[in-house]
Amino acid sequence: MLINTATTEDDFFSQLIQHIDHPICIINTQFQIVKYNPTFVQTFPHSDIQQITFFTNKQLRESMTQVSHGQTIQYITELENQIFELKLSPLKNDNTNYILIQFFPKSTQTFDSEQALQYKYIVDNVHDILFQTDAEGNWVFLNQAWINIFEYSLEESLGRPFYEFLHPEDVQKNALLFAPLIAQQKSYCKHIIRYISKSGKIKWIEVFATLVIGKNGEVLGTSGTLRDITNEKENARINTILSHNVQDIVCIHNLEGKYLYVSPSISQLTGYSPEELLGQCHFDYFHPDDKRKFIAIQNNASNHNLSYISYRFKKKNGEYLWLETSLKVFFDDYDICDRMITSSRSIQDRKLAEESMLKSLQREKELNQLKLRFVNMTSHEFRTPLATIRSSAEIIEAYTRLSDFTQKEKITKQLDNIQSEISRISNLINETLLIGKMESQQLTVHREEVDIVELTKFIINRQNQQQKDQRQVQLEIIGQTHKIWIDPQHLIHILDNLISNAFKYSSNRPNPIIIMSFEKYQFNFQIKDFGIGIPSSEQGKIYSSFFRANNVGKIEGTGLGLVIVKNLVQLNNGSIHFKSTENQGTTFYLNFATE
């Protein structure tokens, strides 16, 4: 029995649907039902057929629009709490267009509204694309994942051939891959192909497709899933590039040390292929003396801390290679257990350099000791004849005082020269000894609380007495005086040298000036002269052993004094610097902490 809503098309439509036992209806281009069969009424009971709500379904109305333009669409959907496979076909009668909609129930079970919502939620929120095409390859169903991945709306996609979305270079390849499925030579098709998104991005897609077969065995289309593996492909590509081009050896081990993964770089450094090491224990390749190191570091790494170890690794040829390895324990979600990941690099060159450096340091130490012994021996050998000469000079001097020699004045002058030269040699020996002790780090500091004002005045007075031109150091004190902790012998040597230089390099010029400045936590010296100064081009070399500026002329000196001064100042936790202008003078600035 057929139910009529129009009369002019009755004969045509009746003949068309009279033998169809599943729900079917025919609608016009205004989406009004013009014909339906009894099964349709039984399936969708409604007081007013024209008010059936599923015709307001957006996807269905979009599909009907496309069919009205001549396309055939078939897909699975949910209507009135039931699951149907819909087939929409264009229909023409007396030059008037209609749409034939067939409803193929997919299950006899009726879904309640909550189940229907759950089904729709799953379909729309699954990450993979669920698709269905008709026999011509046009999209007839796509879920929300299609929009998320390819950026096309359903309106832009449904009814269009799927191959329009493929990468142009992969269209022919895809046809060849699909051919066995279309020919029903296999039950499913699975392959990887490139698609292009709306914004032009290449998407690597894993396709799984099966045929949709009608009741009479005809092919209605395909259905399946599209899985976006673009990130996986990119990660795999990057991993391949890294593993084949990075020289560091990256490995994954279980907690017993067995290799589970070894990067290809192992071959270049050790001669082993990755396959040779898989399943082997990492520790078996350690140098016997280095195995103990790994016990402590493994305990630290078990707390998921990053640890480092350097050790010798036995290469395939039996030689040992120094490696530095970072190690960390991580939880592997795939195997559901803890693993160790290690990254190793060769430090062979560095270790060889360290060994060479240690040997050089040892040789230098031995050389310094030899030099110190030589200096001590030489200074002892110098002192003995110098003492004899000094003693003889003193005896001669005593004779001249007791006798009325006519040549007494000349003899006295020569004796003075002898005494002066003896003092010069003694000073040179003392300075050389100090330099030797400094270089061998054997010079010690004995600090004590010193009345620095009184000690400075004592040194100034002694220096003043030695000046034949009667010049005197001018002393100025700033601030509240107090005692400071310093090695007094070191300070005497420092001031003797600087004051002596101030006089020596400023002959026939104004008196040198010393300014002592006391502050709460520091004490400062300024030793200023108005002499020949230091040429600006040579000021950077002033603390070099045996260096003397090119403007000193015949002024006596060894070039060791300022080297010793700088070292003694630093040993006493002080600092030193200077300012100098040639032919105007030089000022040395000393700073010491008072606590």
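The first residue of the sequence shown is numbered 1, and numbering continues consecutively from there.
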Check for a donor-acceptor pair, side chain of Glu276 on one end and backbone N or O of Ser273 on the other, with a separation under 3.5 Å.
-> yes
side-chain hydrogen bond (donor to acceptor under 3.5 Å, both in side chains) between Asp170 and Asn174, worked out = CA-CA 6 Å; Asp170 288 0; Asn174 189 78; over 6 Å; no
Counting only N and O atoms by type, is there a donor-acceptor contact under 3.5 Å from the side chain of Ser267 to the main-chain atoms of Gly271?
-> no
Would you confirm whether Asn143, through its side chain, and Leu130, through its main-chain N or O, come within 3.5 Å as a donor-acceptor pair?
-> yes
Do side-chain atoms of Thr222 reach the backbone of Thr210 as a donor and acceptor pair under 3.5 angstrom?
-> no
Just say parallel, tilted or perpendicular for the rings of Phe286 and Phe283, cut-offs at 30° and 60°.
-> perpendicular
Has the side chain of Gln570 got a donor or acceptor atom that lies under 3.5 Å from a matching backbone atom of Ser575?
-> no
Do the side chain of Asn28 and the main chain of Phe31 share a donor and acceptor less than 3.5 angstrom apart?
-> yes
Thr39 side chain to Asp21 main-chain N or O, any donor-acceptor pair under 3.5 Å?
-> yes
Among Trp322, Tyr320, Tyr272, the one residue meeting side-chain contact (heavy atoms from CB on, under 4.5 Å) with Phe313 | Tyr272
Could you give me the CA-CA distance, side-chain angles and deciding distance for Tyr259 and His282, then say whether ring pair (Phe, Tyr, Trp, His ring centres under 6.0 Å) is met?
-> CA-CA 7 Å; Tyr259 288 101; His282 187 202; 5.5 Å; yes
Run the ring-centre check on Phe44 versus Phe84 and record whether the distance is less than 6.0 Å.
-> yes
So, does Thr325 use its side chain to make a donor-acceptor pair with the main chain of Ile309 at under 3.5 Å?
-> no
Quick one: does Asn97's side chain have a donor or acceptor within less than 3.5 Å of a partner on Pro90's backbone?
-> no
Salt-bridge present (Lys351, Glu354; N to O < 4.0 Å) = yes
Is the number of heavy atoms from other residues, nucleotides or ligands within 6.0 Å of NZ (Lys186) greater than 12?
-> yes
Taking the side chain from Ser356 and the backbone from Leu352, do they hold a donor-acceptor pair closer than 3.5 Å?
-> no
Is the closest side-chain donor-acceptor distance between Ser310 and Glu324 under 3.5 Å?
-> no
